[in-house]
Amino acid sequence: MYSEKVMDHFGNPRNVGEVEDANAVGQVGNPICGDIMKISMKIEDDVISDIRFKTFGCGAAVATSSIATELVKGKTINEALSLTNKAVAQALDGLPPAKMHCSVLAEEAIKAAIADYYQKQGVDPEPIIGCNFNCAQCKEE
Amino acid sequence: MSKMVYADNAATTALSKNALDAMMPYLTEQYGNPSSIYKFSQNSKRAIDGAREKVASILGARPEEIFFTSGGTESDNWAIKSALELRADKGKHIISTGIEHHAVLHTLQHLETQGAEVTYLPVNELGQIDLNDLRKAIRKDTVLITVMAANNEIGTILPVAEIGAVARESGVLFHTDAVQAVGHIPISTAGMSIDMLSLTAHKFKGPKGCGALYIRGGVRLPTLLHGGGHERGLRSGTENTAGIVGLAAALEEASLHMNENAKRVSAMRDRLIGGLTKIPASRLTGHPTKRLPGIASFVFEYIEGESIILLLDQAGICASSGSACSSASLEPSSVLLAIGLPHEIAHGSLRLSLSEDNSEEDIDYILEKLPPIIERLRSMSPLWDNKK
Ligand SMILES: Cc1ncc(COP(=O)(O)O)c(C=O)c1O
């Protein structure tokens, strides 16, 4: 059902945990749907110098979190913002169709953390990212 | 292969040696079509007749009340759809429960799109129905009560005899999906007022793809498959001789050893339950005592079931989960929601199901491997953080 790459990232996830002096933290998903991803980053001079994740979810949720942290670590904010869910899935040699939403969640978790970073800097993230990741607000709309 | 502990016997079981031995002749030299009249084929015919008699006597039925099918799903579909057709002049109302297997639930949902009305009796947190709810749900136009004998996810045993009595006194047909019960706990059509009963061989160490529907004499269920007139004209198609013989052999063996198996298997089950409910934020699902001997089912909060299954698999343990992520729908199992578990907790379900083939060493191994897996997944879970 899963590729070897997915099983590798699920069995040996990279960058698990929390960055202690994080200045960017994002959490997406909800427990009712069965996946939550929380990503914390240390951003210095526009570069993601450290990143870690914690995830509640299935094998694909853990694997997409893990690979997403690898894909953006050491990258600039702009590079990280250009990460798509398709690229996440491709980097894992594909995901079963029913699990593609996990790759969307991984993309959103990265964006949510960067939105948090901008907000802490007093910058409105919405024009840059397209959403302020205030998910409660979105659900009401 | 490296170490494997098979703890998914509610999904399917290994074929027993006796069943295989009984089947072998009909997979090899005894290939005659049971319907043909020459002597060679009469061996196959006799084998099927013998199997039917065996199954009937074990179920407290008469041979002409046993109809062989392709398994539990077919038997359930047949019983429910045909009962509705049989009683069409009386009405279109069916009573069932919120914890039926998909073979029943999806059949009912289909019939609802065709104008049938279904009352799904609620269950309590242990998976039990209230017989008063059942009595109150019966209407003038109620044609069928279909309630499983034992649940496949949480192991709870339902009071088939009592439900049968209510159905009988109200003149409503009663079908029970006894797929998980037959061969594991005593069930008899003789004393239980059952009109139809579904079973499948592969849950009691028989072959896959072979089951039966018991139809009480006098219940003139409409034909399922039209054709050459097999199974008294109700279910045509050249018989699966080997499968039928294997079903009967496996059922005979399971029934003969039922008491000792149940005793040994439920002792292993209770060791699992005792050991695993010591894990913080974990609990047993289903009834603590009125449960199938083989099923130990749990929820572990703050983690997700598919992840547990994958890590158990890496340790060589085969188990299953009712979490959304182990299905295509993203919804956790309807059974776990019906017993009142919130979505986020239902996602963390695990079912370990044992048979007489399991050993105490298997239990030791599971009790050694599982707690660190739960701990590892929790250490990665943002929900566990918030909880601490
Ligand atoms: C309660 C119950 N009913 C029906 C079925 C379906 O049986 P089968 O797989 O033989 O079609 C199963 C097993 O999957 C079951 O556990």
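Letters go in sequence order (proteins before strands), and every chain restarts at 1.
Scanning both residues, A:Gly59 and B:Ser307, for their nearest heavy atoms gives N-OG, 3.6 Å. Among all heavy-atom pairs drawn from B:Arg376 and A:Asn12, the shortest one is NH2-N, 4.4 Å.
Contact tally against chain B (heavy-atom pairs below 4.5 Å) for A:Cys102, A:Gly11, A:Pro96: the top residue is A:Gly11. Contacts with chain B were tallied for A:Gly17, A:Ser65, A:Pro31; A:Pro31 has the most, counting heavy-atom pairs under 4.5 Å.
Note that the CG atom of A:Asp35 and the NE2 atom of B:His347 stand 7.5 Å from one another [nearest 0.5 Å]. One finds the CG atom of A:Asn30 at 10.0 Å from the CG atom of B:Leu383 (value rounded to the nearest 0.5 Å). A:Phe56 contributes atom CZ, which lies 12.0 Å from atom CE of B:Met380 (distance to the nearest 0.5 angstrom). Rounded to the nearest 0.5 angstrom, B:Glu306 CD and A:Met1 CE are separated by 4.0 Å.
The side-chain heavy atoms of B:Leu311 and A:Phe10, taken from C-beta on, include a pair separated by under 4.5 Å.
Counting non-hydrogen atoms of neighbouring residues, nucleotides and ligands closer than 6.0 angstrom, the CD atom of B:Gln114 exceeds 12 such neighbours. Heavy atoms from other residues, nucleotides or ligands lying under 6.0 Å from CD of B:Glu375 number 12 at most. Sparse packing is recorded around NZ of A:Lys86, with 12 or fewer heavy atoms of other residues, nucleotides or ligands lying under 6.0 Å away.
Interface residue A:Ala60: only backbone heavy atoms are found under 4.5 Å from chain B. Only the side chain of A:Pro13 comes within less than 4.5 Å of a heavy atom in chain B; its backbone stays farther off.
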